[in-house]
Amino acid sequence: MPEIAIIGAGFAGICMAIRLRQAGIDDFTVYEKADALGGVWRDNTYPGAGCDIPSVLYSYSFAQRADWSRVYPEQREILRYLHECAEGFDVVGRIRFDTEVFSAGWHPDESVWRLETSRGSVSARAVVSAVGQLNRPRLPDVPGLDTFAGTAFHSARWRHDHDLTDRTVAVIGTGPSAVQFVPRIAERVRKLYVFQRSANWVVPKPDRAYGPTARRVFRLVPPARLAVRGATYLRGETAVYWAVRGDRRGTLVEKTARRHLAAQIADPDLRRRLTPDFPIGCKRILISQDFYPTLTRDNVELVTDPITEVTARGPQTAVRGYDVDTLIHGTGFLATEFLRPMEIVGRDGVRLHDVWREGAAAHLGIDVPRFPNLFLLYGPGTNLGHNSIVYMIESQVAYVVRKLRGGRVHEVGEDRYLAAHRALVAGLAGTALEADCTSWYKGADGRVTTNWPWRTYRYRLATRSA
Ligand code: NAP
């Protein structure tokens, strides 16, 4: 019988591989287009890259680690953890690196998927897409980008060979990535222009190193580790959740953000320009201790006039031009273009991207009618603004293992799919996620297609009982 094909060796793909192996399902291959595992944690190597969810929670429930160096470890440590998991659970040998999947087509006669990859065709009885939502960098939609004469790169494709010392640099964007790398590069560059299109809500980052005593306690007293994990989870499910829901109680988080801004920015004009004009929770709430102070440095200037074009010399606004030698795009990812550029053709020749013409959707973010034995991890409607995505991935993986264990071809019914979709649309209505702001949660038509609007345990229960 053909194998199970998992596409992508990031957090979700590795989790899928481990859980299949633990369930005694051993015939799978992970196809990874790059030459190493790690997904976003392999790609995002910009200075200061890290996760804004503490690692006690942003880690697999079945592979808890006692020796995280700090509450919010940096990218290198998270990537090392993923490597350790893949090696420890013995799935590295099942990853076929440098193999990009271009397309997958369902063949009903044999009940198999035929995949075209950069290394030839393969057959699979089931396909699990673990390509994530944040794997394809988005460039700013301003004219003239390719006329820039200096060095330009995206935050997820950091040019470590390009020394920023004494450079004049423009950063476009002030999202979660930019707030992490702007403070790090500001110390090195001669001049830094930070182009902000929308101000963000920023709350303090309660980061600290775990000393030897804390690590020993975590190692020797697992319930202590579990308690910290639980408390971190509950914070996401309460205060941050309320903010994302647009609940009155979410104003507590907004007050915290306003106090943070007032405490760190004395200049009333700068403070005004850094105050968001949309409800908190509409896009990801940022956490940072050093972003605001960085903007008050002598060599840093916040530019809030919109960029009208980029010329050979740098970004231009209606007010003036900025001469820079380096242009860094902190402009995020093509998140709503799920599974692109892969071509997926299901039963009766139906194309997944045609089904998704009005916006991507899937039953619990995992399965779509007419696509038998195709499973999506971190699919549409499963991103979070309030808690750890690893929790969602583990819920999805458990669902997939259960369906694959049955041995029968699985296909979700149209009724179920539609009912789940309608419920999701209704659940999003009125939340802060749908308020008036630009965010990568929204497709071209302004509808949110990426996020789960409820508490995460509700998702777990739904995936368990479906
Ligand atoms: P992002 O949230 O999509 O932010 C992109 C930024 O670029 C926004 O500030 C956006 O402005 C700005 N922008 C886009 N086009 C522009 C233009 N033409 N002119 C000026 N500004 C422009 O991208 P990101 O910061 O890479 O983060 C993406 C996601 O990655 C996060 O939400 C998160 O899920 C993940 N991430 C997570 C962490 C973490 O700690 N867990 C860290 C980094 C990234 P507008 O706000 O006006 O659209």
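Whatever order the structure lists ligands and atoms in, that order sets their numbers, starting from 1.
Partners of F148 under the ring-ring contact (aromatic ring centres under 6.0 Å, His included) rule, at least two apart in sequence or in another chain, do not exist in this structure. In this structure, the side chain to side chain contact (heavy atoms under 4.5 Å, CB included) partners of V40, at least two apart in sequence or on a different chain, are N44, L134. Every residue two or more places apart in sequence or in another chain that forms a side chain to side chain contact (heavy atoms under 4.5 Å, CB included) with T238 is listed here: W242.
Checked against the 6.0 Å centroid threshold, Y58 and W68 do not count as a close aromatic pair. W41 has its ring centre no less than 6.0 Å from the ring centre of Y81.
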Determine, stepwise, if the pair E434 / C282 fulfils side-chain contact (heavy atoms from CB on, under 4.5 Å). CA-CA 7 Å; E434 290 220 323; C282 188; over 6 Å; no

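At a 4.0 Å heavy-atom cut-off, the residues surrounding ligand 1 are Y46, G50, C51, D52, L134, R138, P140, D141, V142, I172, G173, T174, G175, P176, S177, Q180, R197, S198, K283, R284, G330, T331, G332, F333, T438, W440, listed by chain and number.
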